[in-house]
Q: 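Okay, here's the structure, questions in a sec.
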Protein chains: 2
Amino acid sequence: MILKSQVEWALHCCAILSGLPEGRYLSTKALAELHGLPKEYLSKALQSLSQAGLVHTTLGPSGGYRLAKSATELTFLDVVEAVEGSGRTFVCQNIRANNPCRPKGYCESGPCAVARVMWEADEAWRSALRKVTFADLGKTLQAEVDPAIWSGTFDWVLKRAG
Amino acid sequence: MILKSQVEWALHCCAILSGLPEGRYLSTKALAELHGLPKEYLSKALQSLSQAGLVHTTLGPSGGYRLAKSATELTFLDVVEAVEGSGRTFVCQNIRANNPCRPKGYCESGPCAVARVMWEADEAWRSALRKVTFADLGKTLQAEVDPAIWSGTFDWVLKRAG
DNA sequence: ACAATAGGGATATTCTGTATCCGTAATTAG
DNA sequence: CTAATTACGGATACAGAATATCCCTATTGT
């Protein structure tokens, strides 16, 4: 069970977008170059963000993406679920119903106890992702990324942002 | 990102094995019939448990599986990791290193901040699974499963346990 | 008018999960 | 001793998902 690489891409892209000045947009092309990713395929990940309403887009030259809400409101969970889907990682096939000792047509009272444990763990995972915003990430990055690279990247991005 | 169905199978099988009297073994065939699963493929999941040292096996007629340790010591995480692997669900491709603004051969100080957040969530998931043992599950099941089915299943299993 | 953009559809490729089959070694029941 | 039963591992086949590319369309800024 491994998350798609698109999740990583989308997270890094949102990290960049969260640093954009108000009202500016950054294109797929720029984001792909900055991260060394295949432009066409990265585009699919960004479209997922768009469909989830996490980013706003404009067409034409100088078009691209910006965050649809403040970085303080955008969480890791938002992005992960936009790309990976919001379904549970554990799917209960209800195999207890195959027990030959059960009367036919017997109706289960509630969800399987095994599934409930797995779903609680799932919720713990989601809860951890929900606690971290891109404002938090921005602070962390600013504190630990080499200042020369940080400002160099910022300039690079601004030069390409419409 | 969905867990293999083998995880569900292995969990249910361990639930049954945890109810076996000391020293008795239950075969793949019995476990497959009880859960309505393909015997040959379920066998692969059980082999994973065996390789991880979670269960003990014997060959020959009346052979099969039993837990290698007490149900109070066997956790959900043990079983999930035995089947699914113990690797992280988020793999960091370190795409920050592709940043064209970085000097060539620049060496990163530590793990990527994005990855760290994802790994913390991963650990929250594992931590939740580590907290639940098969003794816990047994209590829950005994409390909520229809008593007639419960004892019927117990008899069914004992009749086939070597 | 032209160029650049997001978006979506179609397609190909690779990898993983699912499933089955068979051979081997070990062990027990008769 | 013989035959049946078991775990185990390897080989293979199949389906679906992830990865990746290509092309067409509509929109928008210069």
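Lettering of chains follows the sequences in order, A, B, ..., and the numbering in each one begins at 1.
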Q: So, under a plain 3.5 Å distance rule, would you say the side chain of Lys44(A) forms a donor-acceptor pair with the base of dG9(C)?
A: yes
Q: Round to a whole Å and report the spacing from CD1 of Ile2(A) to C1' of dA18(D).
A: 12 Å
Q: The side chain of Pro61(A) lies closest to which of these nucleotides: dA4(C), dT5(C), dT18(C)?
A: dA4(C)
Q: Expressed in angstrom and rounded to an integer, what is the separation of Leu49(B) atom CG from dC8(D) atom P?
A: 10 Å
Q: Checking all strands, does Tyr25(A) fall into the base, sugar-phosphate, or nothing category for heavy-atom contacts under 4.0 angstrom?
A: nothing
Q: Is Tyr41(B) near enough to dT18(C) that one of its side-chain N or O atoms lies under 4.0 angstrom from OP1 or OP2?
A: yes
Q: dT5(D) phosphate, OP1 or OP2: any side-chain N/O from Ser62(B) under 4.0 angstrom?
A: no
Q: For the pair made of CG in Leu17(A) and C1' in dA6(C), what is the distance, rounded to whole Å?
A: 14 Å
Q: Under 4.0 Å from OP1 or OP2 of dG8(C): is there any side-chain N or O of Gln51(A) that close?
A: yes
Q: Taking only the side-chain heavy atoms of Tyr65(B) (C-beta and beyond), determine which of dT28(C), dT20(C), dC8(D) contains the nearest atom.
A: dC8(D)
Q: Roughly, in whole Å, what's the span from CG in Leu46(B) to P in dA19(C)?
A: 14 Å
Q: Distance only, no hydrogens: is a donor on one side chain within 3.5 Å (strictly under) of an acceptor on the other, for Arg96(B) and Asn94(B)?
A: yes
Q: Check whether any side-chain nitrogen or oxygen of Ser5(B) sits under 4.0 Å from OP1 or OP2 of dG17(C), and answer yes or no.
A: no
Q: For Arg160(A) and dG29(D), give me the distance from atom CZ to atom C1', rounded to whole Å.
A: 19 Å
Q: Between His56(A) (NE2) and dT5(C) (P), how many Å, whole number?
A: 17 Å
Q: Scan Thr28(A) against the nucleic acid and name what it touches under 4.0 Å (heavy atoms): base, sugar-phosphate only, or nothing.
A: sugar-phosphate
Q: Hey, does the side chain of Thr57(B) come within less than 4.0 Å of dC8(D)'s phosphate (OP1/OP2), counting only N and O?
A: yes
Q: Looking for any heavy atom pair under 4.0 Å, which part of the strands does Gly64(A) touch: base, sugar-phosphate only, or nothing?
A: sugar-phosphate
Q: Between Gln6(A) and Tyr41(A), which heavy-atom pair has the shortest distance, and what is it?
A: NE2-CE1, 3.0 Å
Q: Closest-nucleotide mapping onto DNA chain C: is Gln6(B) or Gln47(A) further toward the 5' terminus? I mean the 5' end.
A: Gln47(A)
Q: Whole-Å distance between dG7(C) P and Glu40(A) CD?
A: 14 Å
Q: If you compare every side-chain N and O of Ser50(B) against the phosphate oxygens of dC8(D) (OP1, OP2), does one of them come in below 4.0 Å?
A: yes
Q: If I take atom CG in residue Leu59(B) and atom P in nucleotide dC8(D), what distance separates them, rounded to the nearest angstrom?
A: 7 Å
Q: Between Phe134(A) and Phe76(A), how do the two ring planes meet: parallel, tilted or perpendicular, split at 30° and 60°?
A: parallel
Q: Between Arg130(B) and Glu81(B), is there a salt bridge with N-O shorter than 4.0 Å?
A: no
Q: Any carboxylate oxygen within less than 4.0 angstrom of a Lys/Arg side-chain nitrogen, looking at Glu120(A) and Lys131(B)?
A: no
Q: Quick one: does any side-chain atom of Glu8(A) pair with a main-chain N or O of Gln93(B) as donor and acceptor, under 3.5 Å?
A: yes
Q: So which one's nearest nucleotide on DNA chain D is more toward 5', Gly60(A) or Trp9(A)?
A: Trp9(A)
